[in-house]
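Reckoned from all heavy atoms, side chains included, excluding hydrogens, waters and symmetry mates. In each ligand, atom 1 is the first atom listed, and ligand 1 is the first ligand listed.
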Amino acid sequence: MPYLVPPLIPPGRLADSVQPSLPVSDGLLLRPWRCADAPAVLAAFADPAIQHWHLRRADTEDEARDWIDQWRNAWYCETGAHWAVVRPEGAADGTGKVLGRIALRSLIPAIGQAECAYWVLPAARGRGIAPRALSVLARWAFEEIGFERLELAHSVLNEASCRVAAKAGFTLEGTRRRGHLHADGWHDMHVHARIRGDGLPDRL
Ligand SMILES: CC(C)(COP(=O)(O)OP(=O)(O)OC[C@H]1O[C@@H](n2cnc3c(N)ncnc32)[C@H](O)[C@@H]1OP(=O)(O)O)[C@@H](O)C(=O)NCCC(=O)NCCS
């Protein structure tokens with residue numbers, strides 16, 4: 001059956017191009033994941049805070065590499081877009097030290113919607129990396145790709161994530177009761193969103 005409205009983001013908009021790297025202020029870069037990032041992903045999921053707010057864990061570098069493969073393939077399947085947040089300067093191989101992750105997942109290209117996800121390694125927290133990465137991601141998604149609405153959800157107990165959402169201009173829209181089952185039980189979830197045309201924080 002034909003659709004009544006044309007897709008907001010036509011098929012191939014992501015898959016027909018190479019996933020870009022996106023500069024962030026203060027010399028940071030969002031770059032596509034590489035297999036060599038597996039130790040950093042493994043280290044991230046050894047952190048109790050990252051573990052607390054995620055549904056899965058990685059126990060070995062092979063598992064971390066499998067995840068990275070899935071993140072890379074998501075671009076070509078147009079189901080997600082995942083970046084490492086890195087500081088490239090000074091890295092001998094130019095690829096940069098991984099500081100965190102930022103992603104779009106649950107893409108619905110036809111109506112230009114996706115969900116944002118992020119974590120930052122413990123040593124890099126408290127420097128505004130997540131909100132800056134999220135702002136750059138949102139600008140790219142709205143201005144370069146044509147998304148209409150980006151959503152993010154976090155447990156009402158995850159105050160740091162709530163701050164990230166607020167600083168990146170994601171309005172709190174409400175609470176999804178028992179919205180997520182984490183390892184320690186059900187969590188009510190704050191739902192934040194930014195839609196095309198909402199004010200973009202220029203710099204954070
Ligand atoms: C939530 C998270 C991504 C924030 O990243 P960040 O780059 O540290 O973000 P910010 O620097 O803007 O700090 C956000 C808040 O974290 C808190 N914070 C500050 N320094 C911190 C530190 N060293 N360690 C932990 N939290 C800190 C503050 O409340 C801060 O808000 P404020 O700037 O209004 O004071 C990061 O703490 C993290 O990865 N947490 C574990 C995984 C997670 O919660 N992911 C999100 C799931 S929805």
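The backbone N or O of L14 lies less than 3.5 Å from a partner atom in the side chain of E78, making a donor-acceptor pair. Side chain of R149 to main chain of A193: no donor-acceptor pair is present (N/O by atom type, distance under 3.5 Å, no hydrogens or angles).
Within the model, atoms CG of L42 and CG of D59 stand 8.0 Å from one another, a figure rounded to the nearest 0.5 Å.
Using a 3.5 Å distance cut-off with no hydrogens or angles, the side chains of S161 and H154 do not pair a donor with an acceptor.
Residue pairs meeting the ring-ring contact (aromatic ring centres under 6.0 Å, His included) criterion with at least one partner in residues 13-41, sequence neighbours excluded, are W33-W71.
Taking the six-membered ring where the residue is Trp, the centroids of H180 and W53 are separated by 6.0 Å or more.
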Ligand 1: which protein N/O atoms lie under 3.5 Å from its N/O atoms?
| from | atom 1 | to | atom 2 | distance (Å) |
| --- | --- | --- | --- | --- |
| ligand 1 | 7 (O) | I129 | N | 3.3 |
| ligand 1 | 7 (O) | A130 | N | 2.9 |
| ligand 1 | 8 (O) | G126 | N | 2.8 |
| ligand 1 | 11 (O) | G126 | N | 3.3 |
| ligand 1 | 11 (O) | R127 | N | 3.1 |
| ligand 1 | 11 (O) | G128 | N | 2.7 |
| ligand 1 | 12 (O) | K167 | NZ | 2.6 |
| ligand 1 | 33 (O) | K167 | NZ | 2.6 |
| ligand 1 | 34 (O) | R163 | NE | 2.4 |
| ligand 1 | 34 (O) | R163 | NH2 | 3.0 |
| ligand 1 | 39 (O) | V120 | N | 2.8 |
| ligand 1 | 39 (O) | V120 | O | 3.2 |
| ligand 1 | 44 (O) | N158 | ND2 | 2.8 |
| ligand 1 | 45 (N) | Y118 | O | 3.0 |

